[in-house]
2 protein chains.
Amino acid sequence: MHEHHPAASGHRPTLAEVAQRAGVSRSTASLAFSGAGPVSDATRARVFAAAESLGYGGPDPVARSLRSGRSGVIGVVIEERVRDAFRDPMNIAMLDGLSDGTSSLGTALLLLPDTDEPESQAPRRPGPIETAAMDAVVLVGCSTRLDRPVSVLRRRGIPIVAIEAKPMEGVLEIALDNREASATAARHLYELGHRDIAVVTLPLGPQHAAGPLSADWQEEATSYTAAQRLSGVLDVYTTLRGWMAPASSTASGIAAGRALLSDAEHRPTAIIAQSDLLAVGILRAAEELGLSVPQDISVVGFDGIRLDGYGPWNLTTLVQPAVEKGRAAGIGIARLLAGETPKPTLLRCTFRRGATTAAPRATD
Amino acid sequence: MHEHHPAASGHRPTLAEVAQRAGVSRSTASLAFSGAGPVSDATRARVFAAAESLGYGGPDPVARSLRSGRSGVIGVVIEERVRDAFRDPMNIAMLDGLSDGTSSLGTALLLLPDTDEPESQAPRRPGPIETAAMDAVVLVGCSTRLDRPVSVLRRRGIPIVAIEAKPMEGVLEIALDNREASATAARHLYELGHRDIAVVTLPLGPQHAAGPLSADWQEEATSYTAAQRLSGVLDVYTTLRGWMAPASSTASGIAAGRALLSDAEHRPTAIIAQSDLLAVGILRAAEELGLSVPQDISVVGFDGIRLDGYGPWNLTTLVQPAVEKGRAAGIGIARLLAGETPKPTLLRCTFRRGATTAAPRATD
DNA sequence: CTGAAAGCGCTTACAG
DNA sequence: CTGAAAGCGCTTACAG
């Protein structure tokens, strides 16, 4: 290190100063940094040397964005609390795929916690969804409040990609066959002979309270994913018991399992959980109640997470392509930004039979 | 909705057009949106009406940033893969606290995967750490490669806050008493009578490969957190066996547990894991090998995560204030941006005795 | 391969 | 409470 850097505090050098020091024009200096135009090696070297001697940190991204029209930022709308959003391994896997699918664009992901409070009528102070600089935004359909972000982003003219959300005008859809996949699981149970089943759903609406499914769940449902998965089961079983979990977690699964399995008189012979985490909780509740799986109760999950962190179970479940969802969203964004009009993507789940489902005990 | 919005595609209206339509100057229109200056109610209403009729989406954040010097973005440097970074519940909790601590600033978090490849000598193409617009950046010290981001960000003049990282010039430190806390755990075991213990560490360096701790771990260690925790144990036990896990996960814990516990001849009487996830894996390996905890082997974790998702254990561990780390970083950033020079923060862990530690069996 | 000019859309002092 | 002026730092056509 034989170059010296002027006071780190105080004045930050600009490209103009670098250009002046190098004895070239601003345009040439700009080209040297961006690599977008033809610059002779000698000139480039002079520019870099000048930058080095001034301690120049590279072109100001904000000024660059203003001129170029690109911010290099992709927004991701998540639930209000980061910790809630990332409790679900599927969200993490999706984010991983998204990060992967967009990194070649040179963009980074901006976390946008959706702090919508359904109760509050007060005009909320604008948050990042309203004001952040972004080239595109990804919405996730298991969220329960998508309408407001969509309308804000539309008006801002920001391209929107939505994963597992209901089809919306002007929103690029990355769909999962939630309904068909759930129907497959239901059919599996039906064919095994189950006639009395229960479904434990993900949060269907914004309230996120545990309890039996209400009769009018359909009107209240704002989570497309949860509603579609439930519909898939109802395509096979017209009557069933429903329990809504407040979150996708083992704790919620345990609570659901206790509620559905405690009463030996009215115990379903099988439970379909809308996530593997819920299924793990149900399995644990069954264990706790002295029930054998799959002899006393069959359990089906959804997601296909690695369960080795949670226990010895070999869960029957639907394996969803979570990383692929994110990657597909990334590809969609790349096309959108390139000015193309990409078509919606439909991804499929795979049924995986494990050891947690079997024929019900013969009724006595 | 009786207003009509001009073609969503094509021209986006600007503040100047809104001002013209409202019959006011650009400055006044700007003030109406930002609320930063005194504007009469009537004028404000006229501006908003004009904006509404033009379908104006609000002031362009990039232009605003260029003028105001603030981007509203806080960067968070995470490990290369999003999924690796968020496998660790402590990172999620920290992020939650950070999101919480910074949201009042009206800022959002930008995920910066650190794609440093130690092997590659090629000049890497610049990523978001080099080019993204940010007001400040948070580094996390359990990462194993901090030097390059720090030097890049310093040169860019972006304020840096580092959580659990080695003290660095010009970097605001949010520290955890990792060494002292680990010494407390070690002392606990020593006082119970353990004389032959093993430590399972988090990744100490950038290579992330499982295996016995090498003698020269100290030179290789770039993860301050892992190194400090190990030093804390060494303050109490001058000799011990060490095993480095490639990640903080139950799977890595199982592998470590098998490696350390399989050989009955050379089995330690206690294991200190540098994370609860690792501890859970070790407990599972012990179970698998038919060992009783704490009779045959004592296990101590670190972090204090909720274990109810993982099993029935009541783990002896050190509870770290993970959410607080993030929140403290957020507060530090707020001060930094306000032009203050905040002092480093030191946060403390709490020892929690569970049921996984006891005196070793009397030797025969 | 290099330079002069224009302008991205906004906010900030400043003057009234 | 409102307006005219300046300028944030850069990139992009365009001309040479």
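Note on naming: letters A, B, ... go to the chains in the order of the sequence lines (proteins, then strands), and numbering restarts at 1 for each one. Quick caveat, the model's predicted, so the values are computed rather than measured. No hydrogens, no waters, no symmetry mates; every other heavy atom, side chains included, goes into these values.
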Identify all pairs in which a protein N or O lies below 3.5 Å from an N or O of nucleotides 6-10 of chain D, and state each distance.
residue: dG9(D); atom: N2; partner: Ala63(A); partner atom: O; Å: 3.4
residue: dC10(D); atom: OP1; partner: Tyr56(A); partner atom: OH; Å: 2.5
residue: dC10(D); atom: OP1; partner: Asp60(A); partner atom: N; Å: 3.0
residue: dC10(D); atom: OP2; partner: Leu15(A); partner atom: N; Å: 2.3
residue: dC10(D); atom: N4; partner: Arg26(A); partner atom: NH2; Å: 2.0

**Item:** Sidechain-backbone polar pair: Arg70(B) side chain, Leu337(B) backbone, donor-acceptor under 3.5 Å
**Value:** yes
**Sugar-phosphate, base or nothing in reach of Ser65(B), heavy atoms under 4.0 Å** = nothing
**Item:** salt bridge (charged side-chain N to carboxylate O under 4.0 Å, His left out) contacts touching residues 164-175 of chain B (sequence neighbours left out)
**Value:** Asp147(B)-Lys166(B), Glu164(B)-Arg229(B), Glu164(B)-Lys325(B)
**Prompt:** Looking only at atom types and distance, does a side-chain atom of Arg83(A) sit under 3.5 Å from a main-chain N or O of Ala93(B), one as donor and one as acceptor?
**Reply:** no
**Item:** side-chain contact (heavy atoms from CB on, under 4.5 Å) partners of Ala16(B), counting only residues at least two apart
**Value:** Thr14(B), Arg26(B)
**Thr107(B) side chain to Thr102(B) backbone, donor-acceptor under 3.5 Å** = yes
**Prompt:** Which part of the nucleic acid, if any, lies within reach of Ser34(A) when heavy atoms closer than 4.0 Å are counted: base, sugar-phosphate only, or nothing?
**Reply:** nothing
**Request:** Rounded off to whole Å, could you give me the CG-to-C1' distance for the Leu31(A) and dC14(D) pair?
**Result:** 13 Å
**Complete:** Partner of Glu130(A) under side-chain hydrogen bond (donor to acceptor under 3.5 Å, both in side chains), picked from Arg155(A), Arg156(A), Arg148(A), is Arg148(A)
**Asked** How does DNA chain D read in dot-bracket, base by base from 5' to 3', with Watson-Crick or G-U pairs under 3.5 Å and | used when the partner is on another strand?
**Response** |||.||||||||.|||
**Prompt:** Does OP1 or OP2 of dT2(C) have a side-chain N or O of Thr28(A) closer than 4.0 Å?
**Reply:** no
**Sequence neighbours excluded - salt bridge (charged side-chain N to carboxylate O under 4.0 Å, His left out) pairs with any residue from residues 327-339 of chain A** = Asp100(A)-Arg327(A), Glu324(A)-Arg327(A), Arg335(A)-Glu340(A)
**Request:** Name all residues meeting the ring pair (Phe, Tyr, Trp, His ring centres under 6.0 Å) criterion together with Tyr224(A); count only those two or more places apart in sequence or in a different chain, and write none if there are none.
**Result:** none
**Asked** Within the structure shown, what part of the strands sits under 4.0 Å from Ser27(B) by heavy-atom distance: base, sugar-phosphate, or nothing?
**Response** base
